[in-house]
Amino acid sequence: VEPVERQRRAEAARERLQSATAALAASSSIEEVADATVTEATRSLESTTAAMHMLEQGAAYHVGGLSGGRRERWSKVSMQADLPLTEAVRTGEALFFDELEPLRDRWPLSPEAHAFAVLPLVASGRVLGALSLMFAQPMKFDQDERELLLALASQSAVALARAQLY
């Protein structure tokens with residue numbers, strides 16, 4: 001990537017992160033945090049679908065994103081399930097998949113998905129949930145994109161922890 005293009009991408013990423021910071025700062029409930037997180041995550045890297053789950057009593061509960069049957073299917077996920085969501089929550093590590101074919105036998109991935117990312121929401125050393133992003137177009141997660149998503153997840157986790165106090 002040429003220096004001018006790299007600089008343009010970095011500036012765009014800063015702007016997206018500032019937008020997310022403002023939206024999350026204005027959020028006071030769990031629902032508002034989830035809506036802001038999903039909206040900004042979808043806008044930041046043009047993901048096709050985003051979902052936010054919150055950890056509670058051994059399960060991950062859907063709090064934002066998705067629609068229709070997908071929302072019902074993923075409304076409550078047992079932490080015992082072998083899924084990218086549960087793996088990210090259990091390990092506290094972000095998962096970035098830009099090649100899904102080898103994973104389709106192991107996990108129930110949407111047929112229209114070409115790339116996928118799951119980011120744990122960690123605040124004060126505690127995993128509160130996870131943010132999942134699906135991309136219908138091929139996606140190579142470069143260092144800048146990973147850093148942007150990790151920063152968004154970090155800010156979302158802080159906003160979520162604050163909202164839990166209300």
Side-chain angles (χ1 to χ4, degrees), residues 16-97 100 103-113 115-136 139 141 145-166:
R16 290 189 302 260
L17 201 51
Q18 287 173 341
S19 173
T21 300
L24 289 166
S27 302
S28 58
S29 70
I30 291 169
E31 293 78 20
E32 289 174 348
V33 170
D35 287 344
T37 299
V38 167
T39 298
E40 295 301 326
T42 303
R43 190 179 305 155
S44 291
L45 286 175
E46 300 175 6
S47 69
T48 306
T49 304
M52 188 169 153
H53 284 79
M54 212 169 101
L55 188 60
E56 191 174 307
Q57 298 178 344
Y61 290 87
H62 174 267
V63 292
L66 300 177
S67 60
R70 285 185 177 158
R71 181 175 284 173
E72 289 174 18
R73 180 179 180 197
W74 299 104
S75 64
K76 178 182 177 184
V77 178
S78 167
M79 287 306 298
Q80 304 308 312
D82 179 26
L83 297 166
L85 169 69
T86 56
E87 186 173 322
V89 170
R90 278 194 300 267
T91 65
E93 297 291 325
L95 303 172
F96 297 95
F97 303 107
L100 298 184
L103 305 174
R104 291 192 191 281
D105 289 336
R106 179 175 175 195
W107 289 320
L109 300 172
S110 172
E112 67 263 18
F116 194 71
V118 184
L119 303 116
L121 302 174
V122 182
S124 300
R126 219 174 94 233
V127 178
L128 304 177
L131 173 63
S132 303
L133 300 155
M134 184 196 78
F135 299 85
M139 177 76 162
F141 296 101
E145 290 159 340
R146 288 174 186 240
E147 288 175 6
L148 173 65
L149 288 173
L150 290 168
L152 175 61
S154 177
Q155 290 182 356
S156 297
V158 170
L160 184 59
R162 185 184 68 238
Q164 286 179 319
L165 297 175
Y166 290 104

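Index from 1, following the sequence. Predicted model only: the values in this text are computed from it and were never measured.
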Scan the side chains in residues 17-24 for donor-acceptor partners under 3.5 Å anywhere in the protein, sequence neighbours excluded, and list what turns up.
unit_1: S19; atom_1: OG; unit_2: E40; atom_2: OE1; d: 3.2
unit_1: S19; atom_1: OG; unit_2: E40; atom_2: OE2; d: 3.3
unit_1: T21; atom_1: OG1; unit_2: L17; atom_2: O; d: 2.8
unit_1: T21; atom_1: OG1; unit_2: Q155; atom_2: OE1; d: 2.8
unit_1: T21; atom_1: OG1; unit_2: Q155; atom_2: NE2; d: 3.0

With rounding to the nearest 0.5 angstrom, report the [atom1] to [atom2] distance, [X] to [Y].
X: S132; Y: L85; atom1: OG; atom2: CG; answer: 5.0 Å
X: T37; Y: L119; atom1: OG1; atom2: CG; answer: 11.0 Å
X: Q164; Y: S29; atom1: CD; atom2: OG; answer: 12.0 Å
X: L165; Y: S28; atom1: CG; atom2: OG; answer: 12.0 Å
X: L55; Y: R126; atom1: CG; atom2: CZ; answer: 8.5 Å
X: L121; Y: H53; atom1: CG; atom2: NE2; answer: 11.0 Å

[X] versus [Y], closest heavy-atom pair with distance:
X: V118; Y: P84; value: CG2-CB, 3.8 Å
X: A123; Y: A157; value: CB-O, 3.7 Å
X: A130; Y: V89; value: CB-CG2, 3.8 Å
X: A81; Y: T86; value: O-OG1, 2.6 Å
X: E32; Y: A26; value: OE1-O, 4.1 Å
X: R43; Y: R16; value: O-CD, 4.2 Å

T49 (side chain) donor-acceptor with M134 (main chain) under 3.5 angstrom: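 Answer holds: no.
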Backbone N/O of L150 and side chain of S154: donor-acceptor pair under 3.5 Å: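 Not confirmed, S154 side chain does not pair with L150 backbone.
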ring-ring contact (aromatic ring centres under 6.0 Å, His included) against F96, all qualifying residues, sequence neighbours excluded: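 Applying ring-ring contact (aromatic ring centres under 6.0 Å, His included) to F96 gives F141.
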Option passing side chain to side chain contact (heavy atoms under 4.5 Å, CB included) with M52 (candidates I30, D35, L160): L160
E87: salt bridge (charged side-chain N to carboxylate O under 4.0 Å, His left out) partners, not counting sequence neighbours: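 Salt bridge (charged side-chain N to carboxylate O under 4.0 Å, His left out) check on E87 returns R106.
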